[in-house]
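First listed ligand is number 1; within each ligand, the first listed atom is number 1. Numbers for residues simply follow the sequence, beginning at 1.
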Amino acid sequence: MIQQIKSYLNFLKNSSNQHGVHSPFVYSLITKCFYDKKKYVEYEILNQYRKSLLENKNFIEVTDFGAGSRVFKSNKRQISKIAKTAGISPKRAKLLFRVVDYFQPETILEIGTSLGLATSAISLGNKAAKIISLEGCSKTQEQAQLQFQKSNFNRENIKFINTKFEDYLLNCQLNTEHCQLIYFDGNHSKKATLDYFEQLLPTITNETVWIFDDIHWSKDMEEAWEIIKNHPNIKVTIDTFQWGFVFFRKEQEKEHFIINPRKNFSTYIFQKLKI
Ligand SMILES: C[S@@+](CC[C@H](N)C(=O)[O-])C[C@H]1O[C@@H](n2cnc3c(N)ncnc32)[C@H](O)[C@@H]1O
């Protein structure tokens, strides 16, 4: 926890907004997507999806595959609590929707479905995209599928796959056509993150977008993020604290950005704290 607070203060100090960003690609992403203030009708659908899960007081027996929970002590968990703690936040879900809407990837891989809070944002961002979403816990995934049905989402383009990530990535034949955008949001450990990173490298193209969740969750994850940033195939990275964006655009200079997705937040906080 202390490490996370330190990392966040560091982030606030070092992050900026679009000013001083010379890359047109990154500038456009920040101004047209990150800071897009339009009230999309899809936001209401996302809210309803979340609300329904938060009202669900049923319990399920989950199998924990990841780096462990800092919240739950037992494997018998209430749906509403899983939605509150393990899923993407409302703000990030909107941002994820905008990112998918902005890039319009035709194929998307989500590593870590949980209750489908992020999957719903992804699928609304590009309704025609083919989406694969991986989840190891069958009971949790069942709930995601139920919620998709209940919310009348178009499920034709979404393949929910119940698998251990390791098994799927090792045995599947994913190639450049399958993963124009990948959202890495499961097993937040250094080793697993770097393993998935290496296993998925053969699928990259110049346009591929990768988003790593929780890059500052632990010292371990921060180390993984540093290794990813320094990989020779990586050209541009954007650290938004919660997420690390990765781009492979050969035409760009290698450059790392630290961008606060809340436009003037850092300046505001540091003025308040008089730092
Ligand atoms: C943080 S949650 C995903 C949240 C979801 N993307 C969202 O924003 O709503 C991570 C999920 O990954 C699953 N998971 C973690 N490690 C796994 C592994 N090695 N194989 C399969 N599933 C795993 C967990 O069961 C959990 O449901």
Contact list for residues 131-158, test ring pair (Phe, Tyr, Trp, His ring centres under 6.0 Å), sequence neighbours left out: Y49-F148, Y49-F153, F148-F153, F148-F160
Any N or O of [X] closer than 3.5 Å to N or O of ligand 1:
| X | answer |
| --- | --- |
| Y183 | no |
| F165 | yes |
| T140 | no |
| T63 | no |
| G112 | yes |
| D185 | yes |
| G87 | no |

Under-4.0 Å heavy-atom contact with ligand 1, by part of [X] that carries it:
| X | value |
| --- | --- |
| A86 | backbone |
| D64 | neither |
| L134 | neither |
| Y196 | side chain |

Report the C-alpha separation of K38 and D101 in whole Å, then their side-chain angles, then the decisive distance to 0.1 Å, and conclude whether the salt bridge (charged side-chain N to carboxylate O under 4.0 Å, His left out) test is met. CA-CA 13 Å; K38 191 174 152 197; D101 183 49; over 6 Å; no
Can you tell me if T163 has a non-hydrogen atom under 4.0 Å from ligand 1?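 Contact present.
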Of all the heavy atoms in R92, does at least one lie under 4.0 Å from an atom in ligand 1?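 For ligand 1, residue contact (heavy atoms, under 4.0 Å) with R92 is absent.
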Below 4.0 angstrom, N of the basic side chain to O of the carboxylate: do [X] and [Y] qualify?
| X | Y | result |
| --- | --- | --- |
| K229 | E226 | yes |
| E42 | R98 | no |
| K190 | E223 | yes |
| D195 | K191 | yes |

Row check, F247 ring normal vs K235 NZ/CZ: under 6.0 Å, within 45°: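 That pair does not qualify as a cation-pi contact.
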Does the structure place the NZ or CZ of R249 under 6.0 Å from the centre of the six-membered ring of F25, at an angle of no more than 45° from the ring's axis? yes
Which label fits F241 and Y8: parallel for a plane angle under 30°, tilted from 30 to 60°, or perpendicular past 60°?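 Ring orientation, 0 to 90° scale: perpendicular.
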Could you list which atoms of ligand 1 come closer than 4.0 Å to a heavy atom of [X]?
| X | answer |
| --- | --- |
| A118 | 6 (N), 7 (C), 8 (O), 9 (O) |
| I88 | 7 (C), 8 (O), 9 (O) |
| L117 | 9 (O) |
| G136 | 21 (C), 22 (N) |
| N187 | 15 (C), 16 (N), 19 (N) |
| T113 | 5 (C), 9 (O) |

Qualifying residue for ring pair (Phe, Tyr, Trp, His ring centres under 6.0 Å) with Y196, from W210, F165, F184: F165
Would you mind telling me which of F212, Y102, F34 makes a ring pair (Phe, Tyr, Trp, His ring centres under 6.0 Å) with F245?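 Running ring pair (Phe, Tyr, Trp, His ring centres under 6.0 Å) over F212, Y102, F34 with F245 returns exactly one hit, F34.
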Quick one: do the T240 and R92 side chains pair a donor with an acceptor below 3.5 Å?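 Yes, a side-chain donor-acceptor pair sits under 3.5 Å.
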